[in-house]
Amino acid sequence: MHPTRRAALAAVLAAPLFAAPALAQTQITIQHALPLDSHYGAGATAFKEAFERATGNRYRVVIQRNDNEREMIESVQIGTLDCTITSTGPVGNFVPEVRNVDVPFLFRDYDHARGVLDSEIGQQLLQRFSARGLAGVVWMENGFRHLTNSRREVNRPEDVRGLKVRTMENQVHMRAFQTLGALPTPMAFSELVPALQQGTVDGQENPIPVIVANNLNQVQRYLTLTGHVYSPAVMICNPATLQRLNQADRTAFMEAARAAQKANRDRVSADDARGVEELRRRGMTVTTEVDGEAFRSALAPAFAEYERQLDGALLRRMREWRPN
Ligand code: PAF
């Protein structure tokens, strides 16, 4: 036999009888605004690991960073992006009912906030997303927000007066800062650091895990633990992405989303516990003793407005919620 033909025959005989077909993978892309090493990154990674494992790698989850949350929600809505994990900052501009969970001093602590969002109240809010061409999959978490600025120590509500504070593109938050006498300046997170560097704004407010993960200590000297508002996050997907999954994969998807929620919340708790010390170590002046009652009183006119313009009955239900 000609040596070339002999080699070809040997290759055929050596090939496994039932060679495994190349694995057809469907890609699901999920974007969020923070570094991978953050509470959103922890959630997205847990989702990826759980969903890929449960589907035997028929799906590949790709995690990307995009620090413009409004843009991500728009992309999910038009279907050029599968999913996002986003704070509720801009979500009320798409699903107005969500504005109710953005009210300052609504939740006493993490247990209260997580309890309400996991209860029927939170589930009903997630169902509202479908009327807006979005699928609200699971509540995640950003954390209690605190104020930082480059001008002065903030001890009392009066100290906030006159500060130019970057807020999220969120009417509820903007109203609160206006009521305190600040000059709220809404912008996407992507614009924040240049705005702080150039002095377009004096301050910003975000949870400790965000301040730590983004090194905001490099552009802000003072941190006050105002905890003025709980900042929920939510995993939102394009409805068609979910509809394409068969029943078993959809169950796996929801289980992976719950794993993401747990990993995300655990990371917020851990970062909150060690973050303040870390920010002090990095040179920030931290004000820990904050008169919450004084801030609540100063916000009274805003609260009256929320009662009228949002869903007063829902706000009461959330405020008065207790675990069973
Ligand atoms: O400040 C914001 O815009 C949000 O808290 C952030 C940092 C994008 C996380 O959701």
Side-chain angles (χ1 to χ4, degrees), residues 30-44 63-76 81 83-95 98-99 101-104 107 110 113 117 136-149 163-174 176-177 182 184-196 200-220 223 225-236 260-261 263-265 267-268 271-272 275 279:
I30 177 163
Q31 291 185 348
H32 65 78
L34 296 175
L36 199 56
D37 186 14
S38 69
H39 51 302
Y40 288 176
I63 303 169
Q64 294 171 346
R65 187 172 178 189
N66 176 345
D67 46 13
N68 188 322
E69 295 192 319
R70 182 174 37 79
E71 209 172 85
M72 286 189 286
I73 303 168
E74 279 164 4
S75 303
V76 170
L81 174 64
C83 301
T84 176
I85 295 172
T86 172
S87 77
T88 51
V91 176
N93 301 325
F94 297 81
V95 187
V98 169
R99 292 196 178 118
V101 294
D102 293 326
V103 166
F107 298 114
Y110 281 108
L117 294 174
V137 175
V138 73
W139 288 108
M140 309 262 293
E141 180 164 88
N142 194 17
F144 278 92
R145 301 179 82 86
H146 304 285
L147 184 67
T148 68
N149 83 97
L163 285 180
K164 283 181 276 169
V165 179
R166 176 269 174 177
T167 67
M168 296 193 287
E169 296 169 285
N170 182 299
Q171 294 174 10
V172 177
H173 291 189
M174 286 169 65
F177 277 95
T185 310
M187 64 180 76
F189 190 63
S190 49
E191 296 165 38
L192 173 62
V193 170
L196 289 169
T200 319
V201 291
D202 305 311
Q204 65 88 45
E205 41 85 61
N206 250 304
I208 296 294
V210 173
I211 301 171
V212 173
N214 291 281
N215 297 312
L216 294 184
N217 50 286
Q218 290 173 356
V219 276
Q220 295 279 267
L223 163 65
L225 298 183
T226 45
H228 52 277
V229 68
Y230 174 76
S231 180
V234 58
M235 179 168 167
I236 307 174
Q261 182 194 58
N264 158 253
R265 286 177 176 174
R267 179 66 190 261
V268 171
D271 283 1
D272 249 26
L279 292 169

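Whatever order the structure lists ligands and atoms in, that order sets their numbers, starting from 1.
- A side-chain contact (heavy atoms from CB on, under 4.5 Å) with Val98 holds for exactly one of Thr88, Asn170, Val172, Val234; it is Thr88.
- Ligand 1 has a nitrogen or oxygen under 3.5 angstrom from a nitrogen or oxygen of Asn142.
- Those atoms of ligand 1 that come under 4.0 Å of a heavy atom in Val210, given as number and element, are 7 (C).
- A salt bridge does not link Asp272 with Arg265: none of the charged nitrogens is closer than 4.0 Å to a carboxylate oxygen.
- Heavy-atom contacts of Tyr40 reach the following atoms of ligand 1: 9 (C), 10 (O) (cutoff under 4.0 Å).
- A side-chain contact (heavy atoms from CB on, under 4.5 Å) with Gln204 is found for exactly one of Leu147, Thr185, Ile211, namely Ile211.
- Proximity of a side-chain donor or acceptor of Tyr110 to a complementary backbone N or O of Tyr230 within less than 3.5 Å is not detected.
- Legend: residues meeting side-chain hydrogen bond (donor to acceptor under 3.5 Å, both in side chains) with Asp67, ordered by chain and number and at least two apart, are absent.
- Using modelled atom types and a 3.5 Å distance limit, the side chains of Glu69 and Ser87 yield a donor-acceptor pair.
- Scanning the protein heavy atoms around atom 3 (O) of ligand 1, the nearest turns out to be Arg166 NH2, 2.9 Å.
- Using a 4.0 Å cut-off to heavy atoms of Ala33, the atoms of ligand 1 that qualify are 8 (C).
- Considering backbone and side-chain N/O of Asn206, one or more are found under 3.5 Å from N/O of ligand 1.
- Close approach of ligand 1 to Met168 is summarised as follows: ligand atoms under 4.0 Å from at least one heavy atom of the residue are 1 (O), 2 (C), 3 (O), 4 (C), 5 (O).
- Shown in contact with Ser87 at under 4.0 Å from a heavy atom are these atoms of ligand 1, numbered in order with element: 10 (O).
- Not close to ligand 1: His32, with no non-hydrogen atom less than 4.0 angstrom away.
- Proximity of a side-chain donor or acceptor of Thr148 to a complementary backbone N or O of Leu223 within less than 3.5 Å is not detected.
- Atom 6 (C) of ligand 1 has as its closest protein heavy atom Glu69 OE2, 4.1 Å.
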